[in-house]
Amino acid sequence: MTDSNTTDMRQVVGFNVESRTESNAESKHIVLVTCQRWPNLSRGDAALADELMVRGHHVVARPWNDAPLVEFTSADLIVLRSNWDFHHDPAGFERWLDAVEASPAEVRNQPDLVRSFLDKTYISDLAALGFRTPETLVADELDPTIVGAWADGFGFDRIVLKPAWGASGHEVQLVDRSDLAEVGAAWRNNPDRRSMLVQEFIPGVSDGEYALVFFAGNFSHALIRQPTNGDFRVNSKYGGTMSHVENVDPSLIEFGGKVEAAFPWPATYARIDVVVDGDDYVLMEVEVNEPALGLNLAPGSAARFADALRA
């Protein structure tokens, strides 16, 4: 999802990533995937492009939904990076993913892994494996009676509503139990309504959400994503910020590693989002499609990502 550091997500990179290619017998043509809304590389992904070009690769940035398909299928390697608007055209994105998968180009993360986490109902599968997650109800229709009964069963006065297909905090809401009838009516009147995840609100998110970054199964670095202005959402569009964590509790790294080890396919890169709740860790989301990785914030992380891509 989009970077919690506003300048990192929105600012246009001030150099041409195609201009620094060096001659190398093992040079690859690498496409870093962006999107129509944000076609340029973020600062974090520019750090990755720098690292790859220093190693002699030819690197370009191309929007998945605004560039000819051949721009991707003719590449050696396609890396999904800032395709942040995929949730506005899920069917189109899946068609594009199918097309690049069928080409000779290698796609990272591998499409099967990406598909397995596109629908956020995967959180129930991870809960079934024993990881603590927010209590979750998957609602194909936002029926206030059903949702209200579920909330009453757990004693929740407030709940989080999240589209099953979404990104960047799009249409994520924190609502009072008493407002469910009004919220349900608004959902029914939304022409783009989707199945929803109805979730327990974890108060610890106000103190920040840890984003644990792994490359090829190895822990790289941690970021703290913090909401601002009294919001609970950590995304930059709501004022959230992201910074590097210097000293990470080993037990937190261990927790993230266990989550990553449970993936159905190996991940070249992954971000595991976790909130601390007392002495416990709550798994909030898994990001293997287009996560902001803070490569410009964590020293050496761009090189570790490049190493993982080579592997």
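Worth saying up front: this structure is predicted, and the values here are computed from it rather than measured.
Using a 3.5 Å distance cut-off with no hydrogens or angles, the side chains of Ser82 and Glu290 do not pair a donor with an acceptor. Between Ser178 and Asp176, the side chains place no donor N or O within less than 3.5 Å of an acceptor N or O (distance only, hydrogens not considered). Checking Trp38 against Asp85 by side-chain atom types alone, no donor-acceptor pair falls below 3.5 Å.
Ring geometry, Phe93 versus Phe86: the interplanar angle falls from 30° to 60°, so the pair is classed tilted.
Ion pairing of Arg95 with Asp98 is absent here, as no side-chain N (NZ or NE/NH1/NH2) approaches a carboxylate O to less than 4.0 Å. A salt bridge links Arg115 with Glu101: the distance from a Lys NZ or Arg NE/NH1/NH2 to an Asp or Glu carboxylate oxygen falls below 4.0 Å. Comment: Asp307 does not engage Arg304 in a salt bridge, judged by the lack of any side-chain N to carboxylate O separation of less than 4.0 angstrom. One finds no salt bridge joining Glu26 and Lys28 here, because no Lys/Arg side-chain nitrogen approaches an Asp/Glu carboxylate oxygen to under 4.0 Å. By the 4.0 Å N-to-carboxylate-O rule, Glu285 lies close enough to Lys162 to be salt-bridged with it. A salt bridge is defined here as a Lys NZ or Arg NE, NH1 or NH2 lying under 4.0 Å from an Asp or Glu carboxylate O, and Asp179 with Arg177 fails to meet this definition.
Taking the centre of each ring, Tyr122 and Phe117 come in below the 6.0 Å mark. For Trp64 and Phe72, the gap between ring centers reaches or exceeds 6.0 Å.
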Original post:
Where do His88 and Arg37 land on the side-chain contact (heavy atoms from CB on, under 4.5 Å) test, with the steps shown first?
Top reply: CA-CA 11 Å; His88 293 297; Arg37 292 190 178 198; 3.5 Å; yes

**OP:** Evaluate ring pair (Phe, Tyr, Trp, His ring centres under 6.0 Å) for Phe215 paired with Tyr269, printing each intermediate quantity in order.
**Re:** CA-CA 5 Å; Phe215 295 129; Tyr269 57 94; 7.5 Å; no

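Considering Val288, Val114, Asn109 in turn, Val114 is the only one that fulfils the side chain to side chain contact (heavy atoms under 4.5 Å, CB included) rule with Leu80.
Looking at residues two or more places apart in sequence or on another chain, you find a salt bridge (Lys or Arg N to Asp or Glu O under 4.0 Å) between Glu254 and Lys258.
Across all non-hydrogen atoms, the minimal contact from Phe305 to Val79 is CZ-CG1, 4.1 Å.
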